[in-house]
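Notes to accompany the following structure.
One-based numbering along the sequence shown.
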Amino acid sequence: MKSISTPNAPQAIGPYSQAAFKKGTLFISGQLGLDPISGELVSSFEDQALLVFNNLKNILTASNMTFSHVVKVSVFIKDMSNFAILNDIYKRYFCEPYPAREVIEVSGLPKNGDIEISLIAMES
């Protein structure tokens with residue numbers, strides 16, 4: 001297994017890698033709406049979601065991959081009323097055929113974030 005790390009995404013806030021690569025498959029750890037420089041959450045759900053996708057993009061780039069390599073997306077949100085906003089942002093990064101996905105409402109996330117997303121991507 002190879003650990004993937006980039007300064008263009010928030011550093012891990014625990015004992016885990018930003019991403020792990022093994023046998024052509026990339027597993028990206030859950031990303032919050034954290035500014036990579038300050039390590040602080042941005043304010044609104046929409047701003048957090050945009051930053052999450054930007055952070056995911058930067059980790060994919062560090063792994064020589066793009067969103068087109070993603071096969072599975074796991075989304076955790078604190079309020080399902082933000083589902084439409086999530087879908088609008090999601091469509092900016094993914095196109096058909098869309099990867100498999102689940103969206104799960106949770107009672108809490110690290111740093112009291114509103115959204116966390118993890119990805120699985122595979123080499124073509």
Side-chain angles (χ1 to χ4, degrees):
M1 179 184 80
K2 177 182 175 186
S3 178
I4 305 293
S5 182
T6 176
N8 298 321
Q11 296 307 301
I13 58 175
Y16 59 89
S17 298
Q18 284 177 335
F21 184 82
K22 186 169 184 172
K23 294 185 179 181
T25 304
L26 180 70
F27 302 87
I28 299 181
S29 296
Q31 296 297 304
L32 298 165
L34 297 173
D35 179 277
I37 296 168
S38 71
E40 298 298 319
L41 277 175
V42 293
S43 56
S44 70
F45 175 85
E46 184 172 2
D47 289 343
Q48 286 185 35
L50 288 167
L51 195 48
V52 166
F53 279 100
N54 190 58
N55 291 335
L56 291 166
K57 181 184 87 161
N58 289 336
I59 295 170
L60 285 164
T61 299
S63 306
N64 295 315
M65 292 188 177
T66 67
F67 282 102
S68 68
H69 292 95
V70 175
V71 295
K72 180 71 166 59
V73 181
S74 297
V75 182
F76 304 92
I77 59 177
K78 284 187 8 186
D79 186 348
M80 199 58 81
S81 69
N82 289 313
F83 189 75
I85 296 169
L86 168 66
N87 279 338
D88 287 342
I89 295 169
Y90 190 89
K91 289 187 283 187
R92 298 177 200 174
Y93 293 88
F94 293 104
C95 58
E96 292 186 29
Y98 295 110
R101 180 183 92 172
E102 70 258 338
V103 178
I104 303 165
E105 185 177 56
V106 296
S107 62
L109 290 167
K111 295 199 171 231
N112 202 30
D114 292 325
I115 182 170
E116 181 174 1
I117 300 177
S118 63
L119 303 178
I120 299 173
M122 297 183 74
E123 291 181 329
S124 303

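- The neighbour count for Ile37 CD1, taken as heavy atoms of other residues, nucleotides or ligands under 6.0 Å away, does not exceed 12.
- Listed by first and then second residue, the salt bridge (Lys or Arg N to Asp or Glu O under 4.0 Å) pairs that reach into residues 49-74 are Lys72-Glu102, sequence neighbours excluded.
- Taking CZ of Phe27 as the start and OG of Ser63 as the end, the distance is 12.0 Å to the nearest 0.5 Å.
- Separation of atoms CG (Leu119) and OG (Ser74) is listed at 8.5 Å; rounding is to 0.5 Å.
- Below 30°, between 30° and 60°, or above 60°: for Phe67 and Phe53 the angle between ring planes is between 30° and 60°, a tilted geometry.
- Between Pro36 and Ala9, the shortest heavy-atom contact is CB-C, 3.8 Å.
- Within the 4.5 Å cutoff, the side chain of Glu116 has no heavy atoms near those of the Val106 side chain.
- When all heavy atoms are compared, the tightest approach of Met1 to Ala20 is SD-CB, 3.5 Å.
- Residues Ile104 and Met80 approach most closely at C-CE, 4.4 Å, considering heavy atoms.
- Two residues are said to be in side-chain contact when any heavy atoms from C-beta on lie closer than 4.5 Å; Met65 and Phe21 meet this criterion.
- Annotation: side chain of Leu60 is not in contact with side chain of Thr66 (no heavy-atom distance under 4.5 Å).
- Annotation: the span from Tyr90 atom OH to Cys95 atom SG amounts to 10.5 Å, rounded to 0.5 Å.
- Residue Glu46 forms a side-chain contact (heavy atoms from CB on, under 4.5 Å) with just one option from Asp114, Ile85, Ile115, and that option is Ile85.
- Looking only at distances, no side-chain donor or acceptor of Gln48 sits under 3.5 Å from a matching main-chain atom of Leu32.
- Between the side chains of Gln31 and Asn55, no donor-acceptor pair of N or O atoms lies under 3.5 Å.
- Val103 has its side chain within reach of Leu86: a pair of non-hydrogen atoms, C-beta onward, lies under 4.5 Å apart.
- The closest side-chain heavy-atom distance from Ser5 to Gln11 is below 4.5 Å.
- Interatomic distance, Asn54 CG to Ile59 CD1, rounded to the nearest 0.5 Å: 10.0 Å.
- Here the CG atom belonging to Leu34 is positioned 6.5 Å from the CD1 atom belonging to Ile13, to the nearest 0.5 angstrom.
- His69 has its side chain within reach of Ser124: a pair of non-hydrogen atoms, C-beta onward, lies under 4.5 Å apart.
- The backbone N or O of Asn58 sits nowhere less than 3.5 Å from a side-chain atom of Asn8 that would complete a donor-acceptor pair.
- Between the side chain of Thr25 and the backbone N or O of Met122, no donor-acceptor pair lies under 3.5 Å.
- In this structure a side-chain-to-backbone donor-acceptor pair under 3.5 Å is missing from Gln18 to Ile28.
- Taking OG from Ser118 and CG from Leu56, the interatomic distance works out to 8.5 Å, rounded to the nearest 0.5 Å.
- Residues Val71 and Leu26 fall into different hydrophobic clusters, defined by Ile, Leu, Val, Met, Phe, Trp and Tyr side chains chained together at heavy-atom separations under 4.5 Å.
- Checking side-chain atoms of Ser44 against main-chain N and O of Asp47 turns up a donor-acceptor pair under 3.5 Å.
- Between Tyr98 and Phe94, the gap from one ring centroid to the other reaches at least 6.0 Å.
- Between Val70 and Tyr93 there is no side-chain heavy-atom pair separated by less than 4.5 Å.
- Side-chain contact between Val73 and Ile117: present, with at least one pair of heavy atoms (C-beta onward) separated by less than 4.5 Å.
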For this session: Evaluate side chain to side chain contact (heavy atoms under 4.5 Å, CB included) for Phe76 paired with Leu109, printing each intermediate quantity in order.
Result: CA-CA 8 Å; Phe76 304 92; Leu109 290 167; 4.0 Å; yes
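- In terms of heavy-atom proximity, Ser29 sits nearest to Ser17 at OG-O, 2.6 Å.
- Both Leu50 and Ile77 are members of a single hydrophobic cluster when ILVMFWY side chains are connected at heavy-atom separations under 4.5 Å.
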